[in-house]
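Structure first, then comments.
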Amino acid sequence: MKNLAFAFALLTTAAAPLPAVNASVHPVTETPGSQERHAEALLIRLRKQHELPALAAVVVRADTTLDLAVTGVRQQGKPETVELAGRFHLGSMGKAITATVIARLVEEGKLSWTTRPVDLLPELATSVHAGYREATIEQLLRHEAGAPPYDSIAEIKGASVHAGSGSPTDLRRAFSIWLLQQRPHVTPGTRPEYSNAGYPVAAAMAEAATGETWESLVESRLARPLGINLMYGLPARGDSAQPWGHKPKSAFLGLAISPNAVEPQPPGDGWALGVIFEPAGDYSLSLADYAKFLQMHLAGLAGRDGLLKASSIQRLHAGPGEYAMGWFLREFDGTAAHWHTGSIDTFFSRVIMLPERDIAVAVLTNAGSETASTASREAAMELLRLYGPPAAR
């Protein structure tokens, strides 16, 4: 699919085939209290090999955390280490968070999967572009509504030009109205086109349907019930004890010194994307908290109701295309894989979920370099190989 191969651009995902896992390796013994942990040694080796500031990983099943480790420093060149409770930026892996909140509102009857922007934003009644009139919130979350990619920092930062001023809710609504008055990038419903712009529109629809801010909806429908501490923007926003992001170190004329050299980026005002594009993936949280989110999805895919009904979770992950709602879909080592990556140039994240084997692996790092992507892929593949499929039930 076009626009799915920007591996290191803002909030994009790498569409390269996932390497095979050696399925012949026996799963790690899960005897309570005696299980050997593998992630820490693996991360120490990969962090040193790829010269990353920090590297973190978690392996979960629906009912247990198999492994959880973090190694490295908050800021390259400084001695302070990243703690297990340290937060990392998810980038586009946060799209699954946004879709999950929308699903809760569908269960409440505040929205339906066929709700259209024109149903909730009266400003569009006579001004919506004809191509967007029948677009639905599900199409927005599946990248099937025809919205433009907005796959560069310049475009995303420039979106505020079309939003005027006001509260974050006002800005998202104004941007959404402007966007839907323009010609679609592709005809909605004809083919998928990865779009960071579709998720702010979905959030604006949720705000219009409920009268609540998007931030309040995320807190009340997801973060508080799951018991997770979800923040917006860069992890160090208002908290200097959190990891800083790192970019490839540049030399004369912006040429990279080496593939591995990175330098810390001050968090500034702490907003990686700005409030308009926050729902597209401007979330930060700890690895342990992200594990709870993954476990909720694994349980739902196994048919168990929880914060969301199993049927809602299954819809979020359903095809038939290569993208569901916040998840890429692909066959992987003979089984279905649901996966995503995310990057805002200063952090990199990767998740791979194998629902039929009841296992998910996430790897996060506070660098946005090519080597960060490589290290996260190597870590994920090795952890899947080590923990393997679940034992026979």
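These figures come from a predicted structure and were not determined experimentally.
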Using the rule that Ile, Leu, Val, Met, Phe, Trp and Tyr join whenever any side-chain heavy atoms are under 4.5 Å apart, tell me whether Leu140 and Val186 fall into a single cluster. no
Contacts of type side-chain contact (heavy atoms from CB on, under 4.5 Å), residue Thr100, not counting sequence neighbours: Leu222, Phe293, Met296, His297, Leu308, Leu316
So, the side chain of Gln139 versus the backbone of Thr136: is there a donor-acceptor pair under 3.5 Å, distance only? yes
Does atom CZ (Arg183) have a neighbourhood of more than 12 heavy atoms from anything else shown, all under 6.0 Å? no
Tell me every residue that passes side-chain contact (heavy atoms from CB on, under 4.5 Å) with Ala291, counting only those two or more places apart in sequence or in another chain. Val58, Val60
Suppose we call two aromatic rings close when their centres sit under 6.0 Å apart. Are His246 and Phe348 close by that rule? no
Are side-chain heavy atoms of Leu285 and Asn229 found at a separation under 4.5 Å? no
Would one find more than 12 heavy atoms of other residues, nucleotides or ligands at under 6.0 Å from atom CD of Gln182? yes
Ser167 side-chain N/O to Asp170 backbone N/O, donor-acceptor pair under 3.5 Å: yes
Taken to the nearest 0.5 Å, the spacing of Gln265 CD from Glu263 CD works out to 5.5 Å
Give me each pair satisfying salt bridge (charged side-chain N to carboxylate O under 4.0 Å, His left out) with a member in residues 97-117, each pair once, sequence neighbours excluded. Glu108-Lys110, Glu108-Arg221, Arg116-Asp119, Arg116-Glu134
Answer yes or no: is there a donor N or O on one side and an acceptor on the other, between the side chain of Thr187 and the main chain of Thr190, under 3.5 Å? no
Any chance the side chains of Tyr194 and Asp151 put a donor and an acceptor closer than 3.5 Å? no
Under a 3.5 Å distance rule, please check whether Glu331 uses its side chain to pair with a backbone N or O of Ala336 as donor and acceptor. no
If hydrophobic clusters are built from ILVMFWY residues whose side chains come within less than 4.5 Å, do Trp244 and Leu234 share one? no
For Thr169 and Glu207, does a side-chain donor sit closer than 3.5 Å to a side-chain acceptor? yes
Is any side-chain heavy atom of Ser376 less than 4.5 Å from a side-chain heavy atom of Thr341? no
Should Ile44 and Lys48 count as side-chain neighbours, where that means a heavy-atom distance under 4.5 Å? no
Arg142: partners by salt bridge (Lys or Arg N to Asp or Glu O under 4.0 Å), with sequence neighbours left out: Glu138
Is Lys309 atom NZ crowded by more than 12 heavy atoms from other residues, nucleotides or ligands, each under 6.0 Å away? no
Would a hydrophobic clustering, with Ile, Leu, Val, Met, Phe, Trp and Tyr connected at side-chain separations under 4.5 Å, put Leu141 with Val118? yes
Quick check against the 3.5 Å criterion: does Thr64 have a side-chain atom that pairs as donor or acceptor with the backbone of Arg61? no
Could you measure the distance from the CG atom of Leu121 to the CG atom of Leu180? Nearest 0.5 Å is fine. 7.5 Å
Taking C-beta and beyond as the side chain, do Leu329 and Glu322 meet within less than 4.5 Å on heavy atoms? no
Which residues satisfy the side chain to side chain donor-acceptor pair (under 3.5 Å) test with Ser311, sequence neighbours excluded? none
Going by heavy atoms in the side chains, are Gln295 and Asp63 under 4.5 Å from each other? no
Output yes when a side-chain donor or acceptor of Arg377 lies under 3.5 Å from a complementary backbone atom of Ala372, and no otherwise. no
Excluding sequence neighbours, so at least two apart, what forms side chain to side chain donor-acceptor pair (under 3.5 Å) with Ser195? none
Within this structure, what is the CD1-CG distance for the pair Ile359 and Leu384, rounded to the nearest 0.5 Å? 5.5 Å
Below 4.0 angstrom, N of the basic side chain to O of the carboxylate: do Arg357 and Asp333 qualify? yes
d(Ile177 CD1, Ser127 OG) to nearest 0.5 Å is 7.5 Å
Minimum side-chain heavy-atom gap Trp214-Val101 below 4.5 Å: yes
Can a side-chain donor-acceptor contact be found between Lys95 and Ser92 if the only test is distance below 3.5 angstrom? yes
What's the spacing between Ile344 CD1 and Ile153 CD1 if we round to 0.5 Å? 8.0 Å
With distance as the sole test, does Ser369 use its side chain to make a donor-acceptor pair with the main-chain N or O of Pro248 at under 3.5 Å? no
Sequence neighbours excluded, which residues qualify as side-chain contact (heavy atoms from CB on, under 4.5 Å) partners of Ser349? Met93, Leu364
Side chains of Thr213 and Ser216: do they bring a donor and an acceptor to under 3.5 Å? no
Taking ring-ring contact (aromatic ring centres under 6.0 Å, His included) as the test, write out the residues that go with Phe347, two or more places apart. none
Single-linkage hydrophobic cluster, 4.5 Å side-chain cutoff, Leu287 and Met231 together: no
One should read off an interatomic distance between Leu354 CG and Trp339 CH2, to the nearest 0.5 angstrom, of 13.0 Å
Between the side chains of Asp282 and His89, does any donor sit under 3.5 Å from an acceptor? yes
I'd like to check the side-chain contact (heavy atoms from CB on, under 4.5 Å) partners of Pro148; sequence neighbours left out, ordered by chain and number. Tyr132, Tyr150, Leu179, His185
Can you confirm whether or not the ring centre of Tyr323 sits under 6.0 Å from the ring centre of His338? no
Using residues 71-88 as the side-chain source, report each donor-acceptor pair under 3.5 Å to any protein atom, sequence neighbours left out, with the distance given to one decimal.
from  : atom 1 : to     : atom 2 : distance (Å)
Arg74 : NE     : Thr81  : O      : 3.2
Arg74 : NE     : Ala241 : O      : 3.1

Is a donor on one side and an acceptor on the other found under 3.5 Å between the side chain of Asn366 and the backbone of Pro243? no
Between Arg172 and Glu215, is the closest basic N to carboxylate O distance under 4.0 Å? yes
Checking Trp178 now: which residues fulfil ring-ring contact (aromatic ring centres under 6.0 Å, His included) with it, not counting sequence neighbours? His162
Taking the side chain as every heavy atom from C-beta outward, state whether Leu301 and Asp358 have any atom pair closer than 4.5 Å. no
Evaluate the criterion side-chain hydrogen bond (donor to acceptor under 3.5 Å, both in side chains) for residue pair Arg47 and Thr365; output intermediate values, then yes/no. CA-CA 9 Å; Arg47 187 181 79 85; Thr365 180; over 6 Å; no
Holding to side chain to side chain donor-acceptor pair (under 3.5 Å), I want the full list of residues that pass it with Glu378, two or more places apart in sequence or in another chain. His50
Testing the basics here: between Pro200 and Ala280, what is the closest heavy-atom pair and its distance to 0.1 Å? CD-CB, 4.5 Å
Do side-chain atoms of Asp67 reach the backbone of Ala39 as a donor and acceptor pair under 3.5 angstrom? yes
Are Phe175 and Phe277 an aromatic pair by the rule of ring centers under 6.0 Å? yes
Using a strict threshold of under 4.0 Å (side-chain N to carboxylate O), is an ion pair present between Glu155 and Lys157? no
Between Arg173 and Glu123, is there a side-chain N and carboxylate O pair less than 4.0 Å apart? yes
With no hydrogens and no angle check, is any side-chain donor or acceptor of Arg350 less than 3.5 Å from a backbone partner on Ser373? yes
